[in-house]
There are 2 protein chains.
Amino acid sequence: MQLTDPERSTELLWRAGARRGLSLERIVRAAVELADAEDLAAVSMRSLAERLGFTTMALYRHVRGKAELVALMRDEVMGGWDSAADPSAAGGWRAELEAWARRGLALHQRHPWLAESEDARHVPGPNAVAVFERALGAVADTGLPPAQVVAAVNLLGGFVDSAARQSAAALRARRRTGVSDEEWWRGRDSLFARLDRYPTLSRLYREGAYEAPPDPFDFGLQRVLDGIDTLIRDEKRDENVCRVCGAPVSAATSGRPRDYCSRACQQRAYRARKGGGGSGGGPRP
Amino acid sequence: MQLTDPERSTELLWRAGARRGLSLERIVRAAVELADAEDLAAVSMRSLAERLGFTTMALYRHVRGKAELVALMRDEVMGGWDSAADPSAAGGWRAELEAWARRGLALHQRHPWLAESEDARHVPGPNAVAVFERALGAVADTGLPPAQVVAAVNLLGGFVDSAARQSAAALRARRRTGVSDEEWWRGRDSLFARLDRYPTLSRLYREGAYEAPPDPFDFGLQRVLDGIDTLIRDEKRDENVCRVCGAPVSAATSGRPRDYCSRACQQRAYRARKGGGGSGGGPRP
DNA sequence: GAACCCCTGTCTACGGTGTACACATTGGGT
DNA sequence: ACCCAATGTGTACACCGTAGACAGGGGTTC
């Protein structure tokens with residue numbers, strides 16, 4: 001179960017109008033429907049083929065394997081991330097980024113299998129890149145060095161993923177067992193009985209830490225945004241930070257303060273100004 | 001592949017000295033070794049049994065199924081989270097929490113399959129709870145309301161997980177294909193060629209955003225800690241926040257400012273002072 | 001018109017997974 | 001000495017992803 005040929009993936013994901021093709025479209029759409037209705041585990045090549053009225057192996061004429069199918073499913077669905085987005089996008093970076101994250105969570109809730117389907121080295125499809133681009137746009141003009149803009153967006157994306165994964169796992173468990181989260185934990189008395197030897201935990205528990213818990217997504221989102229906020233503020237306050245990579249810059253002993261941490265970063269900025277591209281690792285949305 | 005009987009899981013995970021039992025210990029240890037050396041996918045009941053010199057079904061005399069085995073593996077390994085921790089633990093909540101997170105990442109790097117093995121409604125074992133307890137202890141005395149202490153620790157734990165998952169996925173891909181991340185991305189020219197229509201992304205790329213990227217874990221860790229930090233500061237500054245759940249409290253029109261957002265939370269605090277327990281959802285480490 | 005070929009779909013088969021169930025063995029308590 | 005429960009074994013089932021050989025059919029070329 002691996003994508004052996006990234007070149008092919010790139011072509012598939014990025015092919016032009018042909019996306020409204022004959023049958024691949026139908027396969028991917030059916031797979032998404034099936035995964036939405038049941039589970040990612042319910043999407044087997046056999047069940048999917050049966051649902052479409054074909055033989056199992058017929059799918060392999062359009063898709064190289066299961067991994068590729070999942071990649072196509074992912075990008076198909078990624079188109080819905082920004083679907084409900086306000087294109088005007090006013091309100092400053094924080095409001096924009098918050099809305100972006102909330103739309104991401106909503107998408108994950110519409111397609112709970114998304115979080116499960118993560119795997120490294122997916123070729124990002126056009127929809128995924130569009131999502132990434134939009135988030136970058138929100139933070140691009142905050143004065144943060146480019147590398148930190150990307151890092152901040154990646155951090156927030158990772159947070160959304162992580163939160164979505166937890167809520168998806170809870171949903172999956174609820175579907176399977178028919179028991180809600182609260183019910184299940186309430187039944188764990190034999191576990192709680194053993195938690196006395198953990199003083200802090202039981203003290204917090206006694207003080208009601210678990211009675212009116214804040215929504216984990218809202219809570220985490222505000223913390224992460226706060227973290228990015230202080231980064232931006234710090235950036236604005238003192239400028240002795242490299243304009244390219246954001247590393248601290250040793251204060252110049254005399255004369256004008258330095259803009260770059262090293263000769264290498266200075267060179268990078270120069271090349272960027274000249275409009276040439278660079279080399280090195282690519283984007284990882 | 002599910003834990004049908006949480007009661008049994010609780011007993012297994014929490015049984016006393018019996019942990020140095022006969023064969024279950026050996027099974028779990030061998031499974032961990034196998035997963036460390038290869039992959040979680042390499043731990044099949046057949047391969048594991050063969051490695052131990054028994055039949056496949058022999059394992060089922062000691063373990064109810066694969067899901068239970070994985071749960072036991074998880075808790076076995078969780079014992080190593082705080083193994084290299086300084087018990088004195090000075091340095092304030094931030095240093096403590098940062099060290100905690102770094103130990104977590106290190107653990108995940110020693111056992112890259114940990115991130116894969118996540119599933120909801122694991123009965124937390126004693127080791128997992130100890131890890132949780134330690135993190136709670138770091139933030140417990142910051143003046144944060146109990147619910148927020150728990151939420152903060154959960155947030156940081158989720159972050160560690162998320163970061164570990166990404167690095168584990170990258171490692172897995174490298175192992176499988178023998179190609180490093182940088183190499184792989186460098187070969188994706190046909191992808192980069194299509195990124196021109198995304199102005200922000202390509203501008204940031206030209207400006208060197210991908211040439212000297214900060215370590216994603218370090219970056220994210222500082223942001224999250226900053227976020228928690230501002231929460232603590234805000235908490236200290238103005239006290240018009242509920243002492244139990246942290247929700248904002250409407251300012252009293254006259255007299256002494258309110259401590260609780262509602263009669264319910266006031267009651268909870270009273271019960272906590274009296275030493276009684278509460279009801280409701282349990283801890284989710 | 002005939003021959004060709006490629007594209008698509010089908011069929012069979014292989015090696016892998018988790019695990020249910022019936023049977024053999026064995027060791028300890030009565 | 002007996003019995004029983006615990007432990008290990010063997011076989012079998014229902015899945016999974018997919019490799020490989022084969023059949024039909026439509027468009028292109030002679």
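Values below: every heavy atom of this structure, side chains too, minus hydrogens, waters and symmetry copies. A quick note: this is a predicted structure, and the numbers were derived from the prediction, not measured.
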Mind calculating the distance between [atom1] ([X]) and [atom2] ([N]) to the nearest angstrom?
X     : N      : atom1 : atom2 : result
B:L40 : C:dT17 : CG    : P     : 13 Å
B:Y60 : D:dT11 : OH    : C1'   : 15 Å
A:L48 : D:dC15 : CG    : P     : 17 Å
A:M45 : D:dA19 : CE    : C1'   : 13 Å
A:D39 : D:dC16 : CG    : C1'   : 15 Å
A:L24 : C:dC7  : CG    : P     : 15 Å
A:R64 : C:dT8  : CZ    : P     : 14 Å

Discussion item. Tell me whether the NZ or CZ atom of B:R188 lies within the 45° cone about the ring axis of B:W184 and under 6.0 Å from its centre.
Written reply: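 Judged by the rule (NZ or CZ under 6.0 Å from the ring centre, within 45° of its axis), B:R188 counts as positioned above B:W184.
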Discussion item. If you define the side chain from C-beta out and look only at heavy atoms, does anything of B:D82 sit under 4.5 Å from B:W100?
Written reply: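 Counting from C-beta outward, B:D82 and B:W100 do come under 4.5 Å.
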Worksheet entry | Salt-bridge present (A:R29, A:E33; N to O < 4.0 Å) |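 The answer is no: the pair does not qualify as a salt bridge.
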Practice prompt. In plain terms, say whether B:E38 and B:R175 are close enough for a salt bridge, that is, a side-chain N and a carboxylate O under 4.0 Å apart.
Written response: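 Looking at B:E38 and B:R175, the cut-off is not met.
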Are there any protein N/O atoms within less than 3.5 Å of an N/O atom in nucleotides 9-12 of chain C, and if so, which ones and at what distance?
residue: C:dG9; atom: OP2; partner: A:H62; partner atom: NE2; Å: 2.6
residue: C:dG9; atom: N7; partner: A:R61; partner atom: NE; Å: 2.7
residue: C:dG9; atom: O6; partner: A:R61; partner atom: NH2; Å: 2.4
residue: C:dT10; atom: OP2; partner: A:T55; partner atom: N; Å: 2.9
residue: C:dT10; atom: OP2; partner: A:T55; partner atom: OG1; Å: 2.3
residue: C:dT10; atom: O5'; partner: A:T55; partner atom: OG1; Å: 2.8

Worksheet item: Does B:R46 get its side chain close enough to the base of C:dG16, under 3.5 Å, for a donor-acceptor pair?
Response: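 Under the 3.5 Å cut-off, the side chain and the base do not form any donor-acceptor pair.
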Worksheet entry | Side-chain donor-acceptor pair present, A:D36, A:W113, cut-off under 3.5 Å |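 Yes, a side-chain donor-acceptor pair sits under 3.5 Å.
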Worksheet item: What pairs with B:S47 under side-chain hydrogen bond (donor to acceptor under 3.5 Å, both in side chains), at least two apart in sequence or on another chain?
Response: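 B:S47 satisfies side-chain hydrogen bond (donor to acceptor under 3.5 Å, both in side chains) with B:S44 only.
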